[in-house]
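In what follows, a structure is listed as structure tokens, so that the remarks can point back to it.
Only this structure's heavy atoms are used, side chains among them; waters, hydrogens and symmetry mates stay out. Since this is a predicted model, take the numbers as computed values, not measurements. Residue numbering restarts at 1 for every chain, and letters A, B, ... go by the order of the sequence lines.
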Number of protein chains: 2
Amino acid sequence: MANTEQKINFKSLKASCQNCSLVELCLPRGLDNTDLTSLDEVIKQRKIVHKGETIFRQGERSGCVFAVRSGSVKTFTTAKNGEEQVLGFHLPGELLGLDGLDNEIHSCAGVALNTTTICELPINDLNVLCVKIPGLQQQLLSLISNEITKDHTMLMLLARRNAEQKLATFLINLSGRYKARGYSAAEFDLTMSRYDIGNYLGLADETVSRLISKFKENNIINAARKSISIIDHEKLCSIAEGDMSLN
Amino acid sequence: MANTEQKINFKSLKASCQNCSLVELCLPRGLDNTDLTSLDEVIKQRKIVHKGETIFRQGERSGCVFAVRSGSVKTFTTAKNGEEQVLGFHLPGELLGLDGLDNEIHSCAGVALNTTTICELPINDLNVLCVKIPGLQQQLLSLISNEITKDHTMLMLLARRNAEQKLATFLINLSGRYKARGYSAAEFDLTMSRYDIGNYLGLADETVSRLISKFKENNIINAARKSISIIDHEKLCSIAEGDMSLN
DNA sequence: CGGCTGCTTGAAATGAGTCAACATAGGTGG
DNA sequence: CCACCTATGTTGACTCATTTCAAGCAGCCG
């Protein structure tokens, strides 16, 4: 398909899909440069998606997995009655669309929350590569397996935690993910609306708003609209764990 | 590893792991008898597990996926503070432990709810087979992908539905799964406790109890302890969908 | 500049949780 | 085989966290 003569090293691969977790996950497990070249060929050219635009639709077979290069994305399912459930938010370096890894239709949709750059990874090409690179198959299973573990954490959060704990956990989680990708853990933007946060956490958006205000009053965070800074990470953790409650 | 001379046809395979969904899923996709023979070799001898006994532990690497042959199993995670969250119930013919398909540690535990027969499918053997049988790899991805979709449905249920809808959905779901495996859709036993149901659905067990009573009063179901019969499936669906509410 | 969308805040309503007492089944041991 | 004991399930009364309804506010985009 592509020119396999052109050997690409890790640096150029990383440049072609910066912070792409698939690539990063593969690296420490002993894939060599040839493998990486092949992998690089699989990553289609980046695509720019604007706020509110759809990356893949529910019920559609995109044939791809996606990696966020910049910007952010929400995934959600739509029920028969039209109700939406936000399933997750995806930051730079993170993957989405793994529910289509079996090359069947997506059970959720992905929409950009702001101007976003996306790398597409065609699944058929990945499958071909999997035969050539035994470790890659394992990586894919690991990725999708982690996805299940994440969902299980979310089930616990939704079923067992109160509103304060949910929001605190959400903020800590975002903070950690930004940090893992080299951004500030203390200051970042909430690219999603209060409504989306509430929907994701199983709360009314008014409740989210109220809690943010309460966290502000208690000098745990500072917030103005989209912009968030975490002042007291430790207290936020205590709230998330249920070891502490406000008022 | 095993004697590949001994050709086993579908019938004997099915007998060896009755209603095993992995086998069933593979069949319609064109695996031939030789493939099935190999698959059969992978399925370790059945194991009997008694009520309350553990099939695999959280944090343990079992190296297996499991299929329920008879009985039933619950899976759950335990949080740092010791709190448990039930993640699912597994009926005859269903798989569990897919979170270990990447051959890493399980992020949840599986415990028998009553006397249960289990088939073990060692992942390493499956991986070897995947090289021999291209379709199998696809099947595994499909299975795990369905698992993600199921979790997403559950997230929607926990986040957006009230107690009545949750319990109605739960009962309809169980009914459908029993039916799919050839059991009665209208009459079955709840092998799990009210506490487990409540934990799974994010409700107090008293709430579950009250709702069962309410459904009984309205002649939608009949129930005595573990035994359940669905009288008015249609109404139950209406409640689940939120088109109808009691009192 | 004006209108729109998203956010904030207040007050009232309510669904589900908590606490507590009681009922029943099933298992155990005398 | 009966009597007791413990688990689990049921029901009631009360509480409270969160939702709902409603009104006002502030950025932002055309």
Terminal axes of the helix from C:dC1-D:dG30 to C:dA23-D:dT8 (five pairs each): angle between them, nearest 10 degrees: 40°
Contact under 4.0 Å: A:Thr207 side-chain N or O vs D:dT19 OP1/OP2: yes
Close side-chain approach of B:Lys47 and B:Arg69, heavy atoms under 4.5 Å: no
Euclidean distance, atom CD of residue B:Glu217 to atom P of D:dT11 [Å, nearest integer]: 8 Å
With A:Gln58 as reference, evaluate A:Asp99, A:Thr78, A:Ile105, A:Thr75 under the side-chain contact (heavy atoms from CB on, under 4.5 Å) test and give the passing residue. A:Thr78
Verify the distance criterion only: is there a donor paired with an acceptor across the side chains of A:Ser72 and A:His90 at less than 3.5 Å? no
Output the single nucleotide from D:dT20, D:dT18, C:dA16 whose closest atom is nearest the side chain of A:Ala163. D:dT18
Glycosidic torsion of D:dA7 (syn if within 90° of 0, anti otherwise) classifies it as syn
Interatomic distance where NZ belongs to A:Lys226 and C1' belongs to D:dG27 [whole Å]: 11 Å
Base of D:dG9 paired with side chain of B:Arg210 (donor-acceptor, under 3.5 Å): no
Does a side-chain N or O from B:Arg194 land closer than 4.0 Å to OP1 or OP2 of D:dT10, or not? yes
Tell me whether the OP1 or OP2 atom of D:dA7 has a side-chain N or O from B:Ser193 closer than 4.0 Å. no
Under 4.0 Å between any heavy atoms, over every strand shown, what does B:Ile212 touch: base, sugar-phosphate, or nothing? Just pick one. nothing
Selection from C:dA16, D:dT20, D:dT11 that lies nearest to any side-chain heavy atom of B:Leu203: C:dA16
So what does A:Gly198 touch, heavy atoms closer than 4.0 Å: a base, only the sugar-phosphate, or nothing? nothing
Salt bridge or not between A:Glu164 and A:Lys214? Use side-chain N to carboxylate O under 4.0 Å. yes
In whole Å, what is the span from the CG atom of B:Leu190 to the P atom of D:dT8? 15 Å
Just how far, in rounded Å, is P of D:dT20 from CG of B:Asn162? 10 Å
Whole angstrom is fine here: how far is it from NZ in A:Lys214 over to P in C:dT9? 13 Å
I need the CZ-C1' distance between B:Phe215 and D:dT10, as an integer number of Å. 16 Å
Is there a side-chain contact between B:Ile123 and B:Leu101 in this structure, where contact means two heavy atoms from C-beta onward sitting under 4.5 Å apart? yes
Can the ring centres of A:Phe66 and A:Phe56 be said to be less than 6.0 Å apart? yes
Looking at C:dC7, does its base get a donor-acceptor pair with the side chain of A:Glu206 below 3.5 Å? no
Could you tell me whether B:Lys80 and A:Glu241 have a side-chain N and a carboxylate O separated by less than 4.0 Å? yes
Can you check the B:Tyr195 OH to D:dT6 P distance for me, whole Å? 21 Å
Just the rounded figure in Å: distance from P of C:dC7 to CG of A:Asp189. 13 Å
Is it true that B:Phe188 and B:Tyr183 have ring centroids separated by less than 6.0 Å? no
